[in-house]
K.L.:
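Below are the structure tokens for one structure; questions will follow.
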Amino acid sequence: MRLLFLGDMVGRTGRKAVWDRLPGLISDFQLDFVIVNGENAAGGFGITEEIFLTTLQAGADVVTTGNHVWDQREALSFAPRYDRFIRPANFPKGTPGKGAGLFTARNGARVLVTNIMGRVFMHPDLDDPFRSAEELLEACPLGEQADAIFIDFHAEATSEKVCFGHFVDGRVSAVIGTHTHQPTADHQILKNGTGYMTDAGMCGDYDSSLGFDKEEPLNRFITKLPKGRFEAAEGPATICGVALEISDRTGLTEKIAPLRLGPRLEETIPSFWS
């Protein structure tokens, strides 16, 4: 199975780049399943229903999120209506929406997708991400109820991401990190077959501060005083994500590589897809 994951869409320029390029990527590389993180798609803060639906129309099968999921208040209303909108699974009981879902890929495979948030340097009051993952995997084991399992691990601390990857190694197809908006260079297949990358990066303007216009973040570092609001950068966007080849037999990753398309970073197309 060919699976593509795209990191956090940031603002108008990020989401437009995804909408413009994704249909061609699906067609050109015959992708079976596409996951996009959309938590920063609306001006850098949250996601609207219109943006969510347009992302699906562009070809995404599932949209994951993270700590900014409720920044647009309308998300509290529309999240429960859509199975393909995934908020972090380790939010408290009773939180609107779904933290995981089982979907059918274009090749007929059953794909479990979940979004789990880390706690280190983020929200220590969230449910334990390791226990949350254990409960999900007990309910829907790889090779039984699911042919593939993908986890978007939305976290700040690299150590927490790495340890989480080892914790589920061999029990899920892939763990790909999000949240920091900077793509890492550690894509790999762990010892027991799980594809792993600490952070997929963002789909946004890289001539920026994490997808935001750099002037206000610079001002705050230098003066320690706020001068204005953080605004999503509007320059040309680079798409960053991860390409995965997942075994139809085991559900584990056979090949993994970054995908980067755009003007700012060196373009990278997985050799096994070209």
Side-chain angles (χ1 to χ4, degrees), residues 1-8 32-35 37 61-62 64 66 86 88-90 99-103 105 107 109-122 126-180 182-201 240-259 270 272-273:
M1 179 174 68
R2 290 187 167 187
L3 186 149
L4 175 65
F5 174 72
L6 296 180
D8 311 42
D32 296 305
F33 202 79
V34 176
I35 304 163
N37 186 295
D61 295 288
V62 179
T64 55
I86 304 293
N90 54 329
L102 190 64
F103 308 95
N107 67 340
R110 300 162 300 169
V111 183
L112 176 67
V113 179
T114 186
N115 187 192
I116 297 178
M117 263 184 67
R119 297 194 294 186
V120 179
F121 305 134
M122 291 190 73
L126 290 176
D127 293 346
D128 180 359
F130 293 83
R131 185 174 298 125
S132 295
E134 193 66 54
E135 291 173 356
L136 282 167
L137 297 180
E138 287 178 359
C140 191
L142 183 64
E144 296 182 25
Q145 280 83 11
D147 301 308
I149 299 177
F150 182 93
I151 300 179
D152 173 350
F153 193 60
H154 198 79
E156 184 77 47
T158 300
S159 58
E160 188 177 23
K161 290 178 172 179
V162 169
C163 286
F164 185 87
H166 290 303
F167 178 67
V168 296
D169 183 21
R171 299 189 290 160
V172 306
S173 308
V175 174
I176 307 298
T178 54
H179 179 65
T180 71
Q182 294 299 116
T184 56
D186 62 343
H187 59 281
Q188 61 185 288
I189 298 175
L190 300 177
K191 182 174 66 174
N192 295 314
T194 292
Y196 175 84
M197 187 171 177
T198 297
D199 205 287
C240 283
V242 183
L244 297 154
E245 291 270 5
I246 297 171
S247 169
D248 294 332
R249 183 178 60 85
T250 66
L252 298 172
T253 293
E254 295 180 326
K255 297 176 184 177
I256 181 172
L259 180 137
F272 52 83
W273 283 3

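Since the model is a prediction, treat every value here as computed from it, not as a measurement. These numbers come from the heavy atoms of this one structure, side chains and all, not from hydrogens, waters or symmetry mates.
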K.L.:
Roughly how far apart are F167 CZ and T194 OG1, rounded to 0.5 Å?
P.N.:
12.0 Å

K.L.:
Looking at every non-hydrogen atom in both residues, tell me the closest pair between I246 and A148 and how far apart they are.
P.N.:
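Shortest heavy-atom separation between I246 and A148 comes out as CG2-CB, 4.3 Å.
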
K.L.:
Hey, are R171 and E138 close enough for a salt bridge, meaning a charged N less than 4.0 Å from a carboxylate O?
P.N.:
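No salt bridge links R171 with E138.
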
K.L.:
Grab the two heavy atoms, one from A200 and one from F5, that are nearest each other, plus how far apart they are.
P.N.:
CB-CE2, 3.9 Å

K.L.:
How far does CG of L252 sit from OG of S173, to the nearest 0.5 angstrom?
P.N.:
6.5 Å

K.L.:
Over all heavy atoms of both residues, which pair between N115 and G66 is shortest? Give the atoms and the distance, please.
P.N.:
OD1-N, 3.7 Å

K.L.:
With no hydrogens and no angle check, do the side chains of D186 and T198 hold a donor and an acceptor under 3.5 Å apart?
P.N.:
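Checked: D186/T198 side chains pair up, N/O donor to acceptor below 3.5 Å.
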
K.L.:
Kindly give the heavy-atom pair with the smallest separation between T253 and I189, and that separation in Å.
P.N.:
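Scanning both residues completely, I find the closest heavy atoms to be O-CD1, 3.6 Å.
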
K.L.:
Is it true that R110 and D147 make a salt bridge, defined as a side-chain N closer than 4.0 Å to a carboxylate O?
P.N.:
yes

K.L.:
Is the closest side-chain heavy-atom distance between D128 and R119 below 4.5 Å?
P.N.:
yes

K.L.:
Minimum heavy-atom separation for K161 and A155, please, with both atom names.
P.N.:
CE-O, 2.8 Å

K.L.:
Please find the pair of heavy atoms, one from L136 and one from A100, that lie closest to each other, and give the distance.
P.N.:
CD2-CB, 3.8 Å

